[in-house]
Student: 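Got a structure for you, written out below as structure tokens; questions coming shortly.
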Amino acid sequence: MENLNRQKETVFSLVQVKGTWKRKAGQNVKQGIKGRVSAAKIYESTSSSGTTWTVVTPITFTYTVTQTKNLLDPSNDTLLLGHIRDTQQLEAVRSSTKPLKRFIVMDEVVYNLYGSQVTDYLEARHVLYRILPLPTTEENKSMEMALKILEEVHQFGIDRRTEPIIAIGGGVCLDIVGLAASLYRRRTPYIRVPTTLLSYIDASVGAKTGVNFANCKNKLGTYIAPVAAFLDRSFIQTIPRRHISNGLAEMLKMALMKHRGLFELLETQGQFLLDSKFQSGLVLEDDRIDPASVSTRVAIETMLEELAPNLWEDDLDRLVDFGHLISPELEMKVLPALLHGEAVNIDMAYMVYVACEMGLLTEQEKFRIVCCMLGLELPVWHQDCTFALIQKSLCDRLQHSGGLVRMPLPTGLGRAEIFNDTDEGTLFRAYEKWCDELSTGSLQ
């Protein structure tokens, strides 16, 4: 019986010759072999009960995140051609007499502000285009809106390889368009142009797409990166002050998890960044000393450090989940009262108390963090963030994170670790202190 069930396994490499792929036995085929050798492998296992083929295919995504200026200046071709990395292809497109074709989705508020500039840009560059303005709010972040985009794309007609869909707006707009693009023809390239601070440092630099479903935040989605994200800080000057604070919450998240210098910059320059709406670097010559330039660059670099090696979240221990254990439940419960970053900051404020209760932070560090949050004009407590909501959120976390809570907590200013051993007594004591000290919205 043992001999009957014994398996025989063969490894095959794959070689393409004249357009046809063929299996070649062996882990490493000869270097001198004619044809194109794939990184994929097929493992064939045969036993008395049948044959099993296991396919191992490395999938590589390459995308660029580019900080730029004057994106809508007709002399700047970044919006149309900045995603093309192959120099020969780029020259071919530039020398072609065939007009470019682009489908653009814009948040309707952004369209009211910048629609005429986008139109003038496309007209000046003789682009065949369709602009679709949509109310891309959290309440409308649905599959229905993604399908509306797909219907319009289908009617307009695009080449799924050479004519990327362009999304111009905040994080909700970028998420919905990303999902629609990932579904159209199974994967159509798309470009992100963030117009809020939150999307500039968060949604634009990752691979996640998504919509809300069953009253749950981003329950439906994919991991498909854009071919490029083009970041122009001048868009931020037209968003309300509250939305700048909203984005500062995600920046503070990265500071607390990874970069003490960024925390200290936000601590000392937060009001300046709010007052200047991150525009100072657009007039100062030296980006190295400009708070807006330094803070956005460090936030993006630290985010990419965490996202790039774990783009598909194969590893569920993620520092970037700080502030995102409780906030999704809270945000959806009170929608639209809290912006995303505000809900994240309330989550972070509570977790700072948890960290302090566990002895990971000193009282002085806790005080500095909460004072920084208040200085950035962010909420640090909310009456609907009850202990029952916290318990439910962490229970859901266990269910979807392999049976571990995987709680990122600061262990100092600018450093953090993942914890799985936070007991309910610690969580409740932290909750009571959090409520006692911050329920008035300021340190007591």
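Positions are given from 1, in the same order as the sequence printed here.
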Student: Please work out which of the three classes, parallel, tilted or perpendicular, describes the rings of Phe235 and Tyr114, given edges at 30° and 60°.
Tutor: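 If you compare the ring of Tyr114 with that of Phe235, the planes turn out perpendicular.
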Student: Flag the pair Lys148 and Glu151 as a salt bridge only when some basic side-chain nitrogen lies within less than 4.0 angstrom of an acidic carboxylate oxygen.
Tutor: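 Salt bridge between Lys148 and Glu151, a charged N being under 4.0 Å from a carboxylate O: no.
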Student: Specify the closest pair of heavy atoms between Asp321 and Leu316, including all atoms of both residues, with the distance to one decimal.
Tutor: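 Looking at all heavy atoms of both residues, the shortest contact is OD2-O, 4.4 Å.
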Student: Under 4.0 Å between a Lys/Arg side-chain N and an Asp/Glu carboxylate O for Lys141 and Asp175?
Tutor: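 So Lys141 pairs with Asp175 through a salt bridge.
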Student: Looking only at the side chains, is there a donor atom on one of Gln364 and Thr362 sitting less than 3.5 Å from an acceptor on the other?
Tutor: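 Judged by distance alone, the side chains do not pair up.
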Student: Thinking salt bridges, do Arg297 and Glu301 make one under a 4.0 Å N-O criterion?
Tutor: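 A salt bridge links Arg297 with Glu301.
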Student: Would you call the rings of Phe387 and Tyr431 parallel, tilted or perpendicular, where under 30° means parallel and over 60° means perpendicular?
Tutor: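 The rings of Phe387 and Tyr431 sit tilted, inter-plane angle from 30° to 60°.
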Student: Does Tyr184 use its side chain to pair, donor to acceptor, with the backbone of Arg160 at less than 3.5 Å?
Tutor: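 A pair under 3.5 Å: no.
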Student: With a 4.0 Å cut-off on N to O distance, would you call Glu250 and Lys253 a salt bridge?
Tutor: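 The answer is yes: the pair qualifies as a salt bridge.
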Student: How are the rings of Phe156 and Phe103 set to each other: parallel, tilted or perpendicular (split at 30° and 60°)?
Tutor: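 Taking Phe103 first and then Phe156, their aromatic rings sit tilted (interplane angle of 30° to 60°).
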Student: Assess, by modelled atom type and distance only, whether the side chains of Tyr353 and Glu432 contain a donor and an acceptor separated by less than 3.5 Å.
Tutor: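 Glu432 and Tyr353 do not have a side-chain donor-acceptor pair below 3.5 Å.
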Student: Say you draw a straight line from CG of Leu231 to CD1 of Ile300; how long is it, rounded to the nearest 0.5 Å?
Tutor: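 Separation between the atoms: 5.0 Å.
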Student: Are any side-chain N or O atoms of Asn76 and backbone N or O atoms of Asn70, one a donor and one an acceptor, separated by less than 3.5 Å?
Tutor: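 Confirmed, Asn76 side chain pairs with Asn70 backbone.
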Student: Output yes when a side-chain donor or acceptor of Asp347 lies under 3.5 Å from a complementary backbone atom of Ser327, and no otherwise.
Tutor: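 Yes; at least one donor-acceptor contact below 3.5 Å.
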Student: Could you check if a side-chain atom of Tyr350 sits within less than 4.5 angstrom of a side-chain atom of Leu427, using non-hydrogen atoms only?
Tutor: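 With C-beta onward as the side chain, the pair touches.
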Student: State whether the side chain of Lys101 and the backbone N or O of Asp159 hold a donor-acceptor pair below 3.5 Å, judged by distance alone.
Tutor: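 It does not hold such a pair.
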Student: Just checking, any donor-acceptor pair under 3.5 angstrom between side chains of Arg233 and Ser293?
Tutor: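 Their side chains do contain a donor-acceptor pair, which is all the 3.5 Å distance test asks for.
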Student: Hey, can you tell me if His340 and His324 have their rings parallel, tilted or perpendicular (30° and 60° cut-offs)?
Tutor: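 His340 and His324: tilted rings.
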